[in-house]
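Reckoned from all heavy atoms, side chains included, excluding hydrogens, waters and symmetry mates.
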Amino acid sequence: MSRYSRKLFVGLKVGFGAVVVFGVLLSQAWAGIYDTATAWWHFDYAASGTITDPNHVRDARDWYTPGGRKATSIYGTPEWTTVSAAGPGGGQNYGGRSILFTPAVDDTGNVTPDYVEINNLQLAGSSTLVTRFRFDGYASDVTSSWLYRNAFGYGDPNQSGYGGWLFGFSGTNRNLYLLFGNVGFSSSLTVNTGTWYDAAVVVTDNGTNDSVEFYLWPENGALQYQKITTSSITTNTGSAFTRIGAEDAAGNAKKAFKGAINHLAVWNRALTTAEVQEAFGYPGPLWQIGLDNNNNLDFNIESSAGNNYTIGEPWGKLSRAVTSYGNSQVNINFTASALQAALPYVFHLDMDGQSGNIGFSVLVNGQKLGTFTANTNTDYVVYVPAGLVQPGTNTVSLRYETGTGYTTWDWMEFGGSWQVGYDNNSPGEFAAEWLAPDDFYVWNPNWQHLERAVTSADRDLNLHFTLSEELASFAYLYTTRIVGQGGDTGSHPIDILINGQLLASLPAQPDGTYVNLFILPHQLRVGDNYLTLRYQDTVTGWVQFDFHRLSVYVPEPASVGLLGLGSLAMLGLIYGHRRRK
């Protein structure tokens, strides 16, 4: 969901003691792709035990109440488990927990499934499902299994007796499978037992040119994709409820899902490929908590939660407020690698509301970066300079300072900068260009999925990254190093583009050249952004790259005005520096 709110952009240049204020403006807020989800279940209420209370299977948008699309009934004996995995595509391990579905099978082969039912949810026409799961094999002698039932039922005249759809696996190879109405779509993407996957199915109802798209990303593997075009999809509602884990408890019980699900989200629209990739990798570097949904119910009431929270725990463990009468400080703990610790960042806090006149401060690893007056529906954006984040454990603290009352928040993020590859004068951590796709998403933990070069035969390399509205309001510095060239000449010109627009045309440079390019806010966009490196010579050859880095850029206070002028020339184009050995 998006809304209009006041946004106070604040940066701090540590060492100068000067606060840089970028201005107050009215703007439409946006946090990430899951803001627009119809429902999103983290499945992280408890660490263990059988699930008996439907209130414990909660929609992430209203975790505390619970509300939204929470479960309305539980069938069988699904269990909470801490057996789960970080996303194969780099996404967060939500809550460190999953639901384990273990259908019971009696001596005669009859199956009693486990499933969760939500009786107020149905999707019609174009829709999307994204999930992370581990499949533990078919529950019976029937070689099919339904992971998700969306409003599937009989009696819909638009579908020759069927409505809604079912998503799961079919055949001895365990192919991803969608049954829409009474039409089946079998992919060639296969699932192995005991392996964690990020998966998505996108149904597009265009009226005449419909499609079903399957995405499958195995742990330690590469993203797989298949699109099936069809004219069989029509808008239909079917029955009025959704089930996770089975089709039903009677005639189709043998088709129950057996395995674990870490999280599952659905949209009442077709997501683009970039949006599916964002969902797989959410949140992008480094972390984000909560949803931009204009309430603080993603989190727990301050009197029921401790003041220490670690990224990866259930959102319900995070206090929603700091107060003058008890919970005066909240600490958000996270880890960073040595590579991540070398970069600057932005911390963004979406303030949901307050009572009284209360002041609060933001600290990173104990260093205060600013003290502010809390205002309802105001966003606070604080610059975190390079060197303040350390390898290992780090802490962002929100601390009560003055006044009487409380202040609550909606969501928060810490990110903006990233680096892929090591600055080590070698492209060896990347793949040869013919072994990797042209598009790489920077949250992908497997750098062997990134091309090391652009060539005369494979000219483009695209680096995708996502930005919230707040992070897209900053300038950035992109850095790479040319480390190996060849072909008809010793070096080759390249173009570098941002979101399809030319950023710079670089003449041929010798190996060892560092390239630094500024990117201004007007060249960025909310959501998916991509940097393109393009081979631009007319002769045969190649250009290899050592690493790729994007650093959020906050200049000295005297030059802040440059950010609003929209002129790349005023910030300068820097390249040609060659490290001497």
Side-chain angles (χ1 to χ4, degrees), residues 39-87 91-106 110-121 131-140 145-149 193-197 241-249 253 256-265 289 297-301 303-306 308-320:
W40 186 22
W41 302 280
H42 284 188
F43 302 134
D44 59 3
Y45 180 84
S48 63
T50 301
I51 305 170
T52 57
D53 187 346
N55 284 332
H56 293 175
V57 179
R58 304 182 174 189
D59 189 337
R61 299 167 304 168
D62 293 288
W63 197 97
Y64 176 69
T65 37
R69 307 288 185 172
K70 73 172 182 66
T72 48
S73 62
I74 306 293
Y75 190 90
T77 57
E79 300 175 75
W80 299 116
T81 175
T82 54
V83 178
S84 58
Q92 183 173 305
N93 183 354
Y94 299 101
R97 302 168 183 171
S98 301
I99 287 185
L100 184 64
F101 297 85
T102 53
V105 183
D106 66 18
N110 293 318
V111 175
T112 301
D114 294 337
Y115 63 75
V116 172
E117 184 170 303
I118 300 95
N119 68 7
N120 62 349
L121 176 61
T131 187
R132 183 176 306 139
F133 69 88
R134 187 196 70 208
F135 184 49
D136 291 342
Y138 291 123
S140 69
S145 173
W146 298 124
L147 184 150
Y148 184 84
R149 168 180 176 164
T193 57
T195 299
W196 283 95
Y197 294 88
F241 59 86
T242 282
R243 284 181 182 147
I244 299 170
E247 180 179 350
D248 57 42
F257 173 73
K258 181 181 178 182
I261 305 177
N262 176 252
H263 74 104
L264 190 150
I289 313 173
L297 297 181
D298 305 339
F299 312 124
N300 217 328
I301 190 168
S303 61
S304 300
N308 281 288
Y309 173 84
T310 299
I311 297 298
E313 291 183 317
W315 290 354
K317 284 194 170 184
L318 175 63
S319 172
R320 69 177 67 172

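- Contact annotation: the side chain of Pro314 approaches that of Arg97 to within less than 4.5 Å [non-hydrogen atoms, C-beta and beyond].
- Checked by atom type and distance alone, the side chain of Asn300 never pairs as donor or acceptor with a backbone atom of Lys317 at under 3.5 Å.
- With sequence neighbours left out, Asp59 forms a side-chain hydrogen bond (donor to acceptor under 3.5 Å, both in side chains) with Arg61.
- Side-chain contact between Leu318 and Glu313 is absent, with no heavy-atom pair separated by less than 4.5 Å.
- Residues passing the side chain to side chain contact (heavy atoms under 4.5 Å, CB included) test with Asp62, sequence neighbours excluded: Thr65, Asn295, Leu297.
- Here the CZ atom belonging to Arg149 is positioned 13.0 Å from the CD1 atom belonging to Ile244, to the nearest 0.5 angstrom.
- With sequence neighbours left out, the side chain to side chain contact (heavy atoms under 4.5 Å, CB included) criterion links Ala260 to Ser98, Leu100, Arg134, Trp196.
- Residues Thr310 and Asn308 are not in side-chain contact: their nearest non-hydrogen atoms beyond the backbone lie 4.5 Å or more apart.
- Among residues two or more places apart in sequence or in another chain, the side-chain hydrogen bond (donor to acceptor under 3.5 Å, both in side chains) test is passed with Trp40 by His263.
- Atom CG of Leu121 is separated from atom CZ of Phe241 by 11.5 Å, given to the nearest 0.5 angstrom.
- Between Asp298 and Ala60 the shortest heavy-atom distance is OD1-O, 3.2 Å.
- No side-chain donor-acceptor contact under 3.5 Å links Asn110 to the backbone of Val105.
- Taking CZ of Arg243 as the reference point, atom CG of Asn119 lies at 10.5 Å (rounded to 0.5 Å).
- Rounded to the nearest 0.5 Å, atoms CZ (Phe257) and OG1 (Thr102) are 11.0 Å apart.
- Looking at heavy atoms from C-beta onward, Tyr64 lies in side-chain contact with Arg320 at the 4.5 angstrom threshold.
- Across all non-hydrogen atoms, the minimal contact from Phe135 to Ser145 is CE1-OG, 3.9 Å.
- Across all non-hydrogen atoms, the minimal contact from Pro113 to Ala249 is CG-CA, 4.0 Å.
- The two residues Asp114 and Phe101 have their closest heavy-atom pair at O-CD2, 3.5 Å.
- Thr131 is linked by a side chain to side chain contact (heavy atoms under 4.5 Å, CB included) to Leu129, Phe133, Ala199, Ile261, Leu264, counting only residues two or more places apart in sequence or in another chain.
- Side-chain contact check for Asn120 versus Arg69: some heavy-atom pair is nearer than 4.5 Å.
- Contact check for Ser319 versus Tyr309: no side-chain heavy atoms found under the 4.5 Å cut-off.
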Extract all donor-acceptor atom pairs below 3.5 Å that involve side chains of residues 43-56 and protein atoms in other chains or at least two apart in sequence.
{"residue": "Asp44", "atom": "OD1", "partner": "Trp63", "partner atom": "NE1", "Å": "3.3"}
{"residue": "Tyr45", "atom": "OH", "partner": "His56", "partner atom": "NE2", "Å": "3.3"}
{"residue": "Asp53", "atom": "OD1", "partner": "Asn55", "partner atom": "N", "Å": "2.9"}
{"residue": "Asn55", "atom": "OD1", "partner": "Lys70", "partner atom": "NZ", "Å": "3.1"}

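- Put simply, the side chain of Tyr115 does not reach to within 4.5 Å of the side chain of Asp248, judged on heavy atoms.
- Residues Lys258 and Gly137 come closest through the heavy atom pair CB-O, 3.3 Å.
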